[in-house]
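Down below is the structure, laid out as structure tokens.
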Amino acid sequence: MQASYTQLRQAFAAAREARKARHRDIAKDLHISEGELLAAHVGDFSDLESPLRARRLRSSWQDLIAALEPLGPVMALTRNEACVHEKVGVYREVSAQGPQRQVGLVLGGDIDLRIFYSHWRHGFALTERLADGALQRSLQFFDAAGHAIHKVFLRPDSDQPAYESLVSRFLAENQSPGLAAEAAWEEPTEQPDERIDVARFREEWASLRDTHDFFGLLRRHQLSRTQALRLADPRFAQPVPLSSAQELLSRAAQQGVSIMVFVGNAGMIQIHSGPIHQVAMMGPWINVLDPGFNLHLREDLIASAWLVRKPTVDGLVCSLELFDAQGRTLAMCFGERKPGQAERCEWRQLLESLVEGAPEALPC
């Protein structure tokens, strides 16, 4: 029998005090989703039960994200099972497009997002009293199963009145505790290799004109990403050692190579563009610990790593792509570039240096 909301709040408070455990880990220990744990903190209850308060937000996700700019600098966090991407900046140049505005963009510099609103189901405004007495305020968004999609944390220099104004504007009418978790979204089942027209697929890959066309290529041939890499012409996709992520990030920091790091889940992709500086290993975690950008990647959950090359009108675009045991994308690393620009030689040389006997790269 599931614990009562009071029991969940008390268990949360005890875990935060005893171990400074993260919300996600507390929920896992309680055998519920993170969204369900936060939803237990909606409504009225005694401050003695829990240091956390949650207010449910209505599902006007596109308008809410577009209203974040007045908050000023905040920390945006997107994660999946093995990778956490944290970026400080302001939500600028926000837009939504496509049928029912289901695809969103944030292009205002430091905060660079690709948003897939069809997966968004629940949102909360959170206020938590931390161990040092400080109040931590955030906006957190979840899918139908209660899995985190995206979080926005206020910083000391954020505009607190603007935050409260936004929460009041988007507050849901229903402020009762609880969340009815649904089944988690799953990737489509992979087709058997023998059903794929590999020759046609390889021909279309070789004819790519833009990296964004790759998604259409996968859809047309009904391929998962890892299946596509397995079946690709070896000059365009090559498996590399699982240690390649650590080596790539470390060498990029040492050599001052500007990179792009993509991390996401079904509802969000978050991007860092620019140099990185401090890379450190802590247990299984590969960490980038820079002002304004933190990355945390569990190396032990990387099941496959690929050097991937895609033809474009600007020349070859190369990446390191990391996947878990289920074939889900954990992170992708590219050289920093803008559309219309050729890939930088230093990035391509860095990436190719990870592999002995790699096919010769196209000239820079």
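Here the structure is a predicted model, which means the values were calculated and not measured.
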Taking all non-hydrogen atoms of both residues into account, name the closest pair between [X] and [Y] and its distance.
X: V94; Y: A66; result: CG1-CA, 3.7 Å
X: V279; Y: A253; result: CG2-CB, 4.0 Å
X: F141; Y: L64; result: CZ-CD2, 3.7 Å
X: I302; Y: L242; result: O-CD1, 3.4 Å
X: V263; Y: A331; result: CG2-CB, 4.0 Å

Below 4.5 Å, heavy atoms only, C-beta onward: do [X] and [Y] meet side chain to side chain?
X: L248; Y: L351; answer: yes
X: L249; Y: I259; answer: yes
X: L307; Y: L320; answer: no

Side chain of [X], backbone of [Y]: donor and acceptor closer than 3.5 Å?
X: R56; Y: H122; result: no
X: N80; Y: C83; result: yes
X: Q7; Y: S4; result: yes
X: N265; Y: R79; result: yes
X: Q270; Y: A76; result: yes
X: Q62; Y: R101; result: yes
X: Q341; Y: K338; result: yes
X: Q227; Y: Q191; result: yes
X: S158; Y: R155; result: yes
X: D324; Y: L301; result: no

Give a yes or no on whether the ring-centroid distance for H41 and F12 is below 6.0 angstrom.
-> yes
Fit a plane to each ring of W285 and H296, take the angle between them on a 0 to 90° scale, and name the class: parallel (under 30°), tilted (30 to 60°) or perpendicular (over 60°).
-> perpendicular
Could you check whether the rings of W205 and F201 sit parallel, tilted or perpendicular, using 30° and 60° as the cut-offs?
-> perpendicular
Taking L139 as the fixed residue, which of F124, Y163, F170 is the one that meets the side chain to side chain contact (heavy atoms under 4.5 Å, CB included) rule?
-> Y163
Any side-chain donor-acceptor pair under 3.5 Å between S33 and E36?
-> yes
So, H23 and Q140: side-chain donor and acceptor under 3.5 Å apart, yes or no?
-> no
Gap separating the [atom1] atom of [X] from the [atom2] atom of [Y], nearest 0.5 angstrom:
X: L77; Y: K87; atom1: CG; atom2: NZ; value: 13.5 Å
X: M282; Y: L289; atom1: CE; atom2: CG; value: 5.0 Å
X: L107; Y: L113; atom1: CG; atom2: CG; value: 8.5 Å

Salt bridge [X]-[Y], side-chain N to carboxylate O under 4.0 Å:
X: E204; Y: R220; answer: yes
X: R195; Y: D197; answer: no
X: R337; Y: D314; answer: yes
X: E247; Y: R251; answer: yes

Would you kindly check if the NZ (Lys) or CZ (Arg) of R53 is within the cone defined by 45 degrees around the ring axis of F45 and under 6.0 Å from the six-membered ring centre?
-> yes
Heavy-atom count around D44 CG within 6.0 Å, excluding the residue itself: above 12?
-> no
Side chain to side chain donor-acceptor pair (under 3.5 Å) with T329: which residues, sequence neighbours excluded?
-> none
